[in-house]
Structure formats: structure tokens, C-alpha cells
Amino acid sequence: MKETPSTRMSGGYMDASGIIGESSTLAEVFRMLHKVAPTDSTVLVTGESGTGKELLVRALHRRSLRSDKPFVPINCGAIPRELLESELFGHEKGAFTHAIRSKPGRFELAEGGTVFLDEIGEMDISLQVKILRVLQEKEIERVGGSGPREVDVRIIAATNRDLNEAMNMEEFRRDLYHRLAVLKIHIPPLRERREDIPELCSLFLEQCCRKSNRPRLNFSPEAHLMLLGYSYPGNIRELESIIEQAVNSAPIDCAELDSETLASIIDGELHCISLANFREIQERWFIQQAIKLYNGDIQACSKALDVHPRTIRRRLSSFNID
């Protein structure tokens, strides 16, 4: 997918065309995004922290028939349990101490649009039954209210937790899970799509240099190997942080980031990347950039790179690049 750096969000970057990354493991994510977005079905997005779940959810809303209506996110793990119900469903005046006026909840504020329940796996089980009611009956009841209120919202939920394990531990309702998981999209961790690392590194490096008001830096070959070999438990968010720290700690007069600079920042096990794999990842990235530069014109790429068109097509096929 063609992209330009624009809107920064947790776990990645997005513009009008989609999410950065063209690895084969993301192909299913892109396919599901285009298939699911126009529907009104509930969606459950899973993936480790930092993979870009909110980014994907916002894309689903923007491409949906509700795109001109509100998008209302709420982090179920960041709000205390005793306050979450009021945040979600609102409350009436006098419902509890300090409730000096009636207040609508997030579901009412999202009328006609999308409610994003982030980290739904952290929601207290006593509230899960009320989410189930919204899904089944399309209605909510304010805290201290005297009756139900109808709501028209689409619910998209996300979690980095294994909900099957949570259900076995009786910490997550099975009936709610099946209501949420009408459609499921799993975002793979960065270590499972290393082909995307060079492009992400290039983007983050350019942005960090611009942010630090310094000339564009490059990576030494050894630094590239380190970035490709790290497992990134924090995923894309961690990769961005590593590069930003490296740019800020590099001497002003240096022209490239070396492995010593990265070694002082990366705190974790590095996996060995063979020279053949390294060259393959570099070749894949180089061909992708050429195809983008010439808007998919194989003949123009062939002439510019002095490579036969059949060779380019063969490499595109082997890399599973459309």
C-alpha cells in the first residue's frame, strides 16, 4: 500500500491510503480491513501492545458508513472499575456523591458512530454483562436511571490479552466473547514481519531528524543488522523510541548511526540474521521503493534499474508483492 507520513498514532502511522507495511503477514490484515469496514458488524481486534490496534480501529471507522459520525474511544484498563460504568453509560443527578448534574456516557456521545472499547480484556466481569446488553438489545441505562435508553452505535473492541485463557479462568464471559468476535482481525507482532522494519526505520529516522532539526542520518550496515535482529517486545512503538533515542544521543557531526549507539539503547536479546536474509530484506525494500517511485510501471523501473522486466516481475512474485 502506498503511504506518506502524516497522522501519528499509537503503534504506527496512517494516511488516507492505509497502514504502513507491505509484508506478507499483513496481507490478511489489509484484506480484512477492506472487507469488514463497510459492514456494521462488531469487530474484535487482537495483537500485542504497540502493534497498532487503535490505528486499525480508526481505519475501520473512517472507512465505514458511520465515518461522518463520532468515534469515541475508551480505555477499559485505564479507568477505575467504580468509575467505568458512569463513563460508559452516564449517570443521573444524585446517583452518587458529587453527581451534581446528569451526564451522558460515551455510548450516548457516540450516537450513530463507533465506540472503541480498548483493552476490553481488563474490564470487570460485572460490567461485561452490561456491554452484552448493548450488543443484544441496543440500549443502555444510566447509573441511577429509571429506565433504558436506546443507542445506535457500532462497537469495536481490542485487547492484547488471551481471551481464551481469560474465559477458562472465568474472568471473561463466553457469551460476550462470541458477541464481540463476530469478525476478528489479528495484527502480527513486528518480529513476525521483519520485512517491514527497513521501511519503518527509514520513516522514523527521517521524522526524528526533522524533529531534532538536524541533517538526515543513515544507518551503518551493522546498525541495520541489529535493528533487523531485535525481537521488539514493545513492537512498532519500541522501534520508534529506539530510533528517537539514537538520533538524540548521536554526535551532531556524525553522518550515520552505528551499532555502538544502538547497543547502548537496545535492552534485550538480539537474534542472528544471516547475510542472505539481510540481503533479501534489503532487496525487497529497494524494489518496493522503486515500484512506488514509478507508480507500478514495471517498464520504467526496468529502465531505471537496468534490470530486465521479467526479473523484476519474478522478484515481485517471490516476495509476494502486488
Side-chain angles (χ1 to χ4, degrees), residues 1-23 26 48-55 58-59 189-191 193-273 275 277-295 304-305:
M1 300 177 72
K2 186 177 181 181
E3 69 286 301
T4 56
S6 57
T7 306
R8 179 170 184 240
M9 299 184 61
S10 173
Y13 285 75
M14 169 169 288
D15 68 359
S17 63
I19 302 169
I20 283 183
E22 301 184 47
S23 58
L26 275 184
E48 296 178 6
S49 178
T51 52
K53 295 186 293 296
E54 182 176 346
L55 188 69
R58 288 181 181 271
L190 187 56
R191 63 183 174 275
R193 51 187 186 97
R194 294 185 188 274
E195 310 97 299
D196 294 331
I197 293 176
E199 186 170 8
L200 289 165
C201 287
S202 178
L203 171 65
F204 293 152
L205 184 59
E206 178 183 348
Q207 292 177 334
C208 290
C209 288
R210 188 187 310 120
K211 180 179 177 181
S212 300
N213 194 29
R214 63 181 300 165
R216 172 66 188 264
L217 296 168
N218 293 306
F219 294 106
S220 70
E222 295 79 10
H224 254 140
L225 280 171
M226 290 187 69
L227 290 169
L228 287 170
Y230 185 47
S231 60
Y232 298 102
N235 291 291
I236 300 173
R237 189 182 298 121
E238 183 177 11
L239 171 60
E240 181 185 11
S241 176
I242 288 171
I243 293 176
E244 185 169 0
Q245 291 181 63
V247 169
N248 290 331
S249 61
I252 296 298
D253 58 347
C254 79
E256 66 178 17
L257 298 177
D258 57 28
S259 57
E260 291 185 5
T261 301
L262 290 176
S264 66
I265 298 170
I266 294 177
D267 182 22
E269 181 182 358
L270 292 172
H271 299 273
C272 180
I273 298 292
L275 184 59
N277 287 341
F278 179 53
R279 286 174 176 169
E280 180 178 319
I281 291 173
Q282 282 190 315
E283 182 184 1
R284 177 191 174 93
W285 181 81
F286 185 74
I287 290 177
Q288 285 177 333
Q289 302 314 303
I291 291 295
K292 290 176 184 177
L293 180 63
Y294 291 99
N295 296 316
L305 300 176

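- Remark: Ser23 engages Thr25, Asp196 in a side chain to side chain donor-acceptor pair (under 3.5 Å) (not counting sequence neighbours).
- Residues forming a side chain to side chain donor-acceptor pair (under 3.5 Å) with Ser249 (at least two apart in sequence, or on another chain): none.
- Screening residues 231-256 for ring pair (Phe, Tyr, Trp, His ring centres under 6.0 Å) gives Tyr230-Tyr232 as the qualifying pairs, with residues at least two apart or on separate chains.
- Considering only residues two or more places apart in sequence or on other chains, Arg214 meets the salt bridge (charged side-chain N to carboxylate O under 4.0 Å, His left out) condition with none of them.
- The line from CD1 of Ile197 to CG of Leu239 is 6.5 Å long, rounded to the nearest 0.5 Å.
- One finds the CZ atom of Phe219 at 12.5 Å from the CG atom of Leu225 (value rounded to the nearest 0.5 Å).
- The CD1 atom of Ile266 sits 4.5 Å away from atom CD1 of Ile242, with the distance rounded to the nearest 0.5 Å.
- Partners of Glu48 according to the salt bridge (charged side-chain N to carboxylate O under 4.0 Å, His left out) rule, which considers only residues two or more places apart in sequence or in another chain, are Arg191.
- Every residue meeting the side-chain contact (heavy atoms from CB on, under 4.5 Å) condition with Glu256, not counting sequence neighbours, appears here in chain and number order: Asn218, Ser220.
- Qualifying side chain to side chain donor-acceptor pair (under 3.5 Å) partners for Ser212, counting only residues two or more places apart in sequence or in other chains: Asn248.
- Considering every non-hydrogen atom in both Pro198 and Leu228, the closest pair reads CD-CD2, 4.1 Å.
- Annotation for Thr51 and Ile236: closest pair O-CD1, 4.1 Å, computed over non-hydrogen atoms.
- Atom CZ of residue Arg194 and atom CG of residue Leu200 lie 13.0 Å apart, to the nearest 0.5 angstrom.
- Ser241 places a side-chain heavy atom less than 4.5 Å from the side chain of Gln245.
- Between Asp258 atom CG and Thr261 atom OG1 the span is 4.0 Å, to the nearest 0.5 Å.
- Legend: residues meeting side-chain contact (heavy atoms from CB on, under 4.5 Å) with Pro251, ordered by chain and number and at least two apart, are Asp253, Cys254.
- Taking both residues in full, the closest heavy atoms of Leu217 and Cys209 are given as N-SG, 3.6 Å, listed atom of the first, atom of the second, then distance.
- Here Ser202 contributes atom OG and Gln207 contributes atom CD; the two are 9.5 Å apart, rounded to the nearest 0.5 Å.
- Checked against side-chain contact (heavy atoms from CB on, under 4.5 Å), Cys208 has the following partners two or more places apart in sequence or in another chain: Ile243, Glu244, Val247.
- Defined by atom type and a distance below 3.5 Å, a donor-acceptor pair is missing between the side-chain atoms of Ser264 and Glu260.
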